[in-house]
Amino acid sequence: MTQPTIESILQEKRLFHPPAEFSQAAQIRSLEEYQNLYDQAKANPEQFWAELAEQELHWFQKWDTVLDWQPPFAQWFVGGKLNISYNCLDRHLTTWRKNKAALIWEGEPGDSRTLTYAQLHREVCQFANALKQLGVKTGDRVAIYMPMIPEAAIAMLACARIGAAHTVVFGGFSAEALKDRLVDAEVKVVVTADGGWRKDVVVPLKAQVDKALANGGAPNVRHVLVVRRTAQEVEMEQDRDRWWHELQQEVSVDCPAEPMDSEAMLFILYTSGTTGKPKGVVHTTGGYNLFTHITTKWIFDLKDTDVYWCTADVGWITGHSYIVYGPLSNGATTVMYEGAPRPSNPGCFWDVIEKYGVNVFYTAPTAIRAFIKMGEEIPKARNLSSLRLLGTVGEPINPEAWMWYHRVIGGERCPIVDTWWQTETGGIMISALPGAIPTKPGSATLPFPGIMAQVVDLEGSPVAANAGGYLSIQHPWPGMMRTVYGDPERFRKSYWEHIPPRDGRYVYFAGDGARCDQDGYFWVMGRIDDVINVAGHRLGTMEIESALVSHPAVAEAAVVGKPDEVKGQEVVAFVTLEGTHSASEDLKKELKQHVGQEIGAIARPGEIRFADALPKTRSGKIMRRLLRTLASGEAVSGDTSTLEDLGVLETLRKEG
Ligand code: WTA
């Protein structure tokens with residue numbers, strides 16, 4: 001790990017107060033109100049969360065113990081029974097919301113669908129019965145490898161309804177990456193589609209599933225359920241593969257939600273870490289339901305008349321927590337969009353906002369930077385006056401992008417919530433509450449009530465205001481991940497040991513560098529481990545290195561991130577070749593493609609540099625800091641005295 005520095009941080013002085021009209025109607029209306037909540041939660045976190053759990057969720061049976069903390073393993077609302085699909089659906093059916101739009105879906109080719117709570121409930125019940133008919137039981141794992149269509153959300157909720165854990169695999173991952181996840185999670189059933197639309201082309205999802213399952217690739221998989229979306233030819237293997245629409249006709253619409261233990265596994269979501277293969281982050285039912293519910297309610301400030309749109313993919317945690325579970329648990333109207341901005345329609349996001357009168361819009365800084373490049377005429381040609389609140393997530397937002405978002409999209413009237421969180425945290429940890437907390441462009445502002453965030457040094461001591469350090473969480477919270485699937489030791493090592501526990505006090509380390517300013521505002525600087533963030537996607541350098549090394553021409557590879565204007569970072573790979581192979585442009589292309597096949601297009605290096613050797617310390621460690629400097633084209637300065645062979649530097653520099 002490298003020590004974070006604050007050299008590059010722009011000293012940002014602007015302060016934006018919530019507009020008075022916004023505050024008056026907000027869930028949390030003033031800084032004092034926030035501060036009271038925060039202090040209350042800090043003084044007695046268990047009481048704080050328990051009161052909210054009682055008020056905000058439906059429980060079949062109340063818990064006995066609010067928090068059982070055996071560091072670093074936490075259990076919340078132990079003994080309680082609930083079902084998140086009940087909280088997202090059934091409880092709204094006895095109110096006027098029964099016929100409210102739950103899900104508004106817009107397909108890339110322009111087709112659309114709206115499901116009311118009653119309709120969504122019906123489809124979820126049917127699919128839950130379909131899963132049962134195929135032998136899926138409580139505790140089984142079901143993979144969802146889908147385009148952004150309503151059936152993805154329906155499948156998630158159906159799994160939750162019967163107590164099967166889902167593992168959603170982003171549709172952009174390759175067959176190889178899918179296979180790894182199917183094997184690791186011992187998946188029994190895969191839900192997919194014939195294809196999905198992405199940037200004007202059809203992505204052949206079912207064919208990827210077939211590839212992943214070929215030659216006994218994932219031996220636990222018994223069935224593949226296929227949604228007809230794009231109508232292209234797919235092969236259906238008898239007995240194994242079934243069409244979704246056919247199954248739905250065979251089953252009843254009646255499927256009561258299974259009362260689940262609060263700590264029953266709700267889902268596994270794979271994410272990249274510093275070492276080895278992606279980790280299966282485990283989230284459980286009660287704590288996750290509460291945390292996503294309350295963060296959605298207070299941060300997105302949802303009103304019953306609001307149309308809310310989060311542009312993430314359900315393949316990522318943002319889609320889980322803030323397209324599906326958080327909004328539906330609140331009885332909100334959530335928009336799901338299949339497409340992405342593309343040359344044939346760069347204004348598609350603004351069209352969706354205009355068409356549905358979106359009020360609350362949540363996207364990523366990389367998207368905003370791409371829009372800046374396309375020019376402000378595009379959004380300006382649409383009516384965006386319905387918007388009242390904007391959000392961002394996924395990476396630090398540079399103040400320039402923040403200001404553009406504020407001015408061009410928000411018409412200078414919408415507060416912006418910059419939300420810091422992770423797959424592991426389940427929900428938003430640091431963010432403004434839009435009616436209460438003044439914002440500073442580039443800062444995620446203050447921790448959510450009940451979240452004890454602190455910037456510390458490697459010994460775990462708090463650092464001074466404005467000094468760089470490690471972002472840590474000092475107390476368990478309901479939405480936290482419970483373990484790494486099948487590997488509790490990895491959970492302990494990855495998150496709880498970088499900052500050594502003191503007097504039995506375990507502190508969660510997020511992998512991010514940050515500083516806290518004189519007003520207590522957090523400025524997240526980004527990953528300080530070997531994880532890179534490309535267009536808001538988290539990639540482990542080790543994973544890409546393994547993919548490269550699996551190519552017969554490659555002897556050794558080292559991957560680093562290089563700053564990129566739009567994507568935030570770009571993947572640069574330094575590669576040495578096996579004896580008989582020689583460097584060429586064709587080989588560069590081939591290697592990029594190879595990574596695409598091994599992991600997915602999102603991990604393809606933007607740049608490959610060949611070298612005779614990689615710079616290493618005398619003890620044989622690759623000097624990544626040096627490679628990062630080289631990749632970004634800066635002059636190498638500082639201490640290179642531990643470098644094994646200085647000649648290496650010369651060749652690497654020339655290659656670039
Ligand atoms: C980064 C996405 C700065 C951070 C929800 C974190 C951010 C990683 C922000 C988690 C933000 C996310 N400001 N950095 N508002 N939001 N990050 O697991 O480095 O895909 O550790 O979860 O994204 O990425 P993940």
Side-chain angles (χ1 to χ4, degrees), residues 1 4 8-9 12 168 170 172-173 267-274 278-281 283 291-292 295-296 299 310-323 325-326 362-369 390-399 401-402 405 416-432 439-448 451 453 455 470-473 479-481 484 494-495 498 508-516 521-540 561 567-569 602-603:
M1 273 188 295
S8 60
I9 298 285
E12 188 53 60
V168 184
F170 173 57
F173 277 122
F267 65 85
I268 308 171
L269 185 60
Y270 286 85
T271 191
S272 297
T274 44
K279 321 178 246 239
V281 169
H283 283 288
F291 195 56
T292 52
T295 47
T296 303
I299 296 167
C310 164
T311 67
D313 191 288
V314 288
W316 310 114
I317 190 69
T318 309
H320 284 58
S321 302
Y322 298 110
I323 295 177
Y325 290 118
Y362 188 32
T363 195
T366 182
I368 297 166
R369 290 192 301 264
L390 305 174
T392 78
V393 60
E395 56 182 311
I397 181 164
N398 46 314
W402 197 103
Y405 198 32
I416 295 181
V417 289
D418 172 355
T419 62
W420 176 84
W421 60 295
Q422 310 177 295
T423 305
E424 293 86 340
T425 68
I428 298 168
M429 304 289 277
I430 304 179
S431 165
T439 51
K440 302 180 187 185
S443 167
T445 76
L446 302 172
F448 196 80
I451 301 304
V455 181
Y470 301 90
L471 183 50
S472 74
I473 311 294
M480 67 194 277
M481 75 181 282
V484 171
S494 305
Y495 304 102
H498 289 288
Y508 172 83
F509 172 53
D512 281 318
R515 79 185 161 97
C516 203
Y521 277 47
F522 285 79
W523 299 77
V524 179
M525 292 182 254
R527 305 292 305 199
I528 51 170
D529 51 10
D530 293 326
V531 170
I532 48 185
N533 191 326
V534 180
H537 300 317
R538 220 170 120 167
L539 300 167
K567 293 190 268 182
Q569 279 185 301
I602 51 168

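Indexing begins at 1, ligand by ligand and atom by atom, following the structure's order. The first residue in the sequence is number 1, and the count goes up from there.
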Inset, instruction - Using the side chain to side chain donor-acceptor pair (under 3.5 Å) rule, take Ser321 and Thr292 through it: C-alpha gap first, then chi angles, then the decisive distance, then the call. - result: CA-CA 6 Å; Ser321 302; Thr292 52; 5.7 Å; no

Inset, instruction - Mark up the atoms of ligand 1 that fall under 4.0 Å of a heavy atom belonging to Ile317, in ascending order. - result: 5 (C), 22 (O)

Legend entry - Thr419: numbered ligand 1 atoms lying under 4.0 Å from its heavy atoms: 9 (C), 11 (C), 15 (N), 16 (N)

Legend entry - Identity and separation of the nearest protein heavy atom to atom 10 (C) of ligand 1: Trp421 O, 3.6 Å

Legend entry - Protein contact to atom 3 (C) of ligand 1 [nearest heavy atom, distance to 0.1 Å]: Pro396 N, 3.1 Å

Legend entry - Any N or O of Thr318 closer than 3.5 Å to N or O of ligand 1: no

Legend entry - Whether Asn533 side chain and Arg538 backbone form a donor-acceptor pair below 3.5 Å: no

Inset, instruction - Any chance you could lay out the ring pair (Phe, Tyr, Trp, His ring centres under 6.0 Å) test for Tyr322 and Trp421, step after step, and finish with the verdict? - result: CA-CA 12 Å; Tyr322 298 110; Trp421 60 295; 5.1 Å; yes

Legend entry - Arg538 and ligand 1 - part of the residue with a heavy-atom distance under 4.0 Å: side chain

Inset, instruction - For ligand 1, note which part of Ala444 has a heavy atom under 4.0 Å away: side chain, backbone, both or neither. - result: neither

Inset, instruction - Report the part of Asn533 in contact with ligand 1, treating N, CA, C, O as backbone and CB onward as side chain, heavy atoms under 4.0 Å; options are side chain, backbone, both, neither. - result: side chain

Inset, instruction - Report the part of Thr423 (side chain from C-beta onward, or backbone N, CA, C, O) that has a heavy atom under 4.0 Å from ligand 1; answer both or neither where that applies. - result: both

Inset, instruction - Rounded to the nearest 0.5 Å, what's the gap from CD1 on Ile602 to CZ on Phe173? Could you check? - result: 4.5 Å

Inset, instruction - Mark the output for Trp316 as yes if a heavy-atom distance to ligand 1 is under 4.0 Å, and as no if none is. - result: no

Inset, instruction - Go through the side-chain N and O atoms of Tyr362 and Thr419 and say whether any donor and acceptor fall under 3.5 Å apart. - result: yes

Legend entry - Counterpart residues, side chain to side chain contact (heavy atoms under 4.5 Å, CB included), relative to Ala432 (two or more places apart): Val417, Ile437, Thr439, Thr445

Legend entry - Donor-acceptor contact present, side-chain Gln422 to main-chain Ala510, <3.5 Å: yes

Inset, instruction - Give the atoms of ligand 1, by number and element, whose distance to some non-hydrogen atom of Val524 is under 4.0 Å. - result: 3 (C), 14 (N)

Inset, instruction - Using distance alone, decide if ligand 1 has a nitrogen or oxygen within less than 3.5 Å of any nitrogen or oxygen in Gly394. - result: yes

Inset, instruction - Fit a plane to each ring of His537 and Phe170, take the angle between them on a 0 to 90° scale, and name the class: parallel (under 30°), tilted (30 to 60°) or perpendicular (over 60°). - result: tilted

Legend entry - Aromatic ring proximity, centroids under 6.0 angstrom, His320 and Phe267: yes

Legend entry - Closest protein heavy atom to atom 21 (O) of ligand 1, given as residue, atom name and distance to 0.1 Å: Asp512 OD2, 2.6 Å

Inset, instruction - Decide whether an N or O pair under 3.5 Å exists between Thr392 and ligand 1. - result: no

